[in-house]
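Just so we're on the same page: letters track the sequence lines, and every chain starts at 1.
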Amino acid sequence: MRQKWIYVLLGLAAVLLIRNLYVILYVLPDEKEQGPIYRVIFFHLPAFFTAGLCYMAALLASLHTLLRQSSRADALAVAATEVGLAFAAVNLITGMIWARIIWGIWWTWDARLTWALICWLIYAGYLMLRHAIEDPTQRARHSAVLNVFAFAAVIITWKAIEWWRTQHPGPVLSIRGARGAMDPAMESMIYQNWLALLLLGAVLVALRLDQERVQREVEALRRQAHAKA
Amino acid sequence: MVREILVVASKDLRTELRTKESINASLSFALTVLLLFSFAFDPTAEQVRQISGGLLWLVFAFAGALVLNRSFARERDNDCLEALVASPLPAWALFLGKCLANLVLLVAIELVCLPVFGVFYNVNWARRPLPLLAVLVLATWGMTVLGTTFSALTVNLRLRELMLPVLLYPMIIPVLIAAIELTTTLVAGEPLQAEQWVWVRLLVAFDIIFTSLAVAFAETVLIS
């Protein structure tokens, strides 16, 4: 039953992505100042939003793990963080490609770039800690605590770096108060592609959850076997 | 309450003063890094003025990780950690006591590094001693609270010496930015500008937020 839902969602995501790619590449015109490269934004921003949602889901799952000692919530935390890291990587890499064309450099120590990289490192540290802890109960509790710390650090780092320096283009979406900064057709495409990436993200998280469940079963069986031997 | 914290802190400091295992390693490491920086950058007097904060705080962060690593690792021998957890101390008092001991050790190491830095790089660093000390304490406390928590999280791991810096450094970046900005100004002997107070506020906020989080989760981290 669950497998079926995953396939349905995956099919939806694939259809939507192909249709979006068609619109992005053939229907929407080049941007007036940036030329064709502006199309990166249709993946850059949605990937960032998806990663952000994943991190938030991981935070909620971690809090749930701490309060209720639920191993399913722990599985969700690791699944969401891993998928979030993948989307954050898409965000970083598409951003670097855009920067190479528009700014002429791959990287600059601008506020948002620096922050995105630090977030990536912090959450990569979370996954590394998980891999290092062998006992499942301890792994769940300790990594949940680390996740809460990580989220707080991410917020504070954002403020700190904003005061430090800023070069990244300002907000372009109308919901961020930048009305009229972007053509409505282009802006709506960003949201449509976000939907596609969100679906893809949900499929990835569901697959990862299944893996995590199977892995736990295997670990439990192995412990049983050791106990009998 | 305060007594319990002080008991743990004094126990840790006494152990450390008798064995001197982490303070010796950490100090000589800090001095070596100070020396290496002079080869790496060969700075002029003007350059030293500009990079003093960054140089000092990188040294402090490297040396700090060594001390923080030992904080809980020291309790592994003879199952001391189990005894501490089983004692009537509340977990947060045990945790704050360890933080306090680490703070004292780290600030002591920093206070030894500063004159050495002054001699090696020909800087009169002590023109604003009290504000500088305040910045040292505030920023070191932020580093200590996170570091002690992560030291507890990683104490049972095979790779703990590697895990602690990997977890700690990205998360203390706000503290380092603020401390570097403030230290550079103060070591140069200038007063803090009005717009630099934002960094002092950042340090205070960071300390409060993470101290509360660490205290709230002390029991989860220590007893499991």
Once you round to the nearest 0.5 Å, how far does [atom1] of [X] lie from [atom2] of [Y]?
{"X": "A:M128", "Y": "B:L162", "atom1": "CE", "atom2": "CG", "answer": "10.0 Å"}
{"X": "A:K159", "Y": "B:R201", "atom1": "NZ", "atom2": "CZ", "answer": "11.0 Å"}
{"X": "A:I161", "Y": "B:I177", "atom1": "CD1", "atom2": "CD1", "answer": "5.0 Å"}
{"X": "B:L213", "Y": "A:F149", "atom1": "CG", "atom2": "CZ", "answer": "5.0 Å"}
{"X": "B:F217", "Y": "A:R141", "atom1": "CZ", "atom2": "CZ", "answer": "11.0 Å"}

Take a 6.0 Å sphere around [atom1] of [X] and say whether it holds more than 12 heavy atoms from other residues, nucleotides or ligands.
{"X": "B:Q50", "atom1": "CD", "result": "yes"}
{"X": "A:R72", "atom1": "CZ", "result": "no"}
{"X": "B:W197", "atom1": "CH2", "result": "no"}
{"X": "A:W158", "atom1": "CH2", "result": "yes"}
{"X": "A:F48", "atom1": "CZ", "result": "no"}

Region of [X] in contact with chain B, defined by heavy-atom distances below 4.5 Å:
{"X": "A:T157", "value": "both"}
{"X": "A:A150", "value": "both"}
{"X": "A:L146", "value": "both"}

For A:A152 and B:F210, the nearest pair of non-hydrogen atoms, with its separation, is CB-CZ, 3.8 Å

Name the region of [X], side chain, backbone, both or neither, that has any atom closer than 4.5 Å to a heavy atom of chain A.
{"X": "B:E195", "answer": "neither"}
{"X": "B:I172", "answer": "neither"}
{"X": "B:A214", "answer": "both"}
{"X": "B:M163", "answer": "side chain"}
{"X": "B:F150", "answer": "side chain"}
{"X": "B:L159", "answer": "neither"}

Decide yes or no for A:L129 and B:L157: does some side-chain heavy atom of the first lie under 4.5 Å from some side-chain heavy atom of the second? yes

Taking the side chain as every heavy atom from C-beta outward, state whether B:L202 and A:I156 have any pair of such atoms under 4.5 Å apart. yes

In terms of heavy-atom pairs under 4.5 Å with chain A, the winner among B:V198, B:L167, B:L153 is B:L153

Evaluate the side-chain contact (heavy atoms from CB on, under 4.5 Å) criterion for residues B:N156 and A:Q138: first the C-alpha distance (whole Å), next the side-chain angles of each, then the deciding distance (0.1 Å), finally the verdict. CA-CA 10 Å; B:N156 288 321; A:Q138 195 180 45; 3.6 Å; yes

Top of A:V154, A:L121, A:I118 for chain B proximity - count of heavy-atom pairs under 4.5 angstrom: A:I118

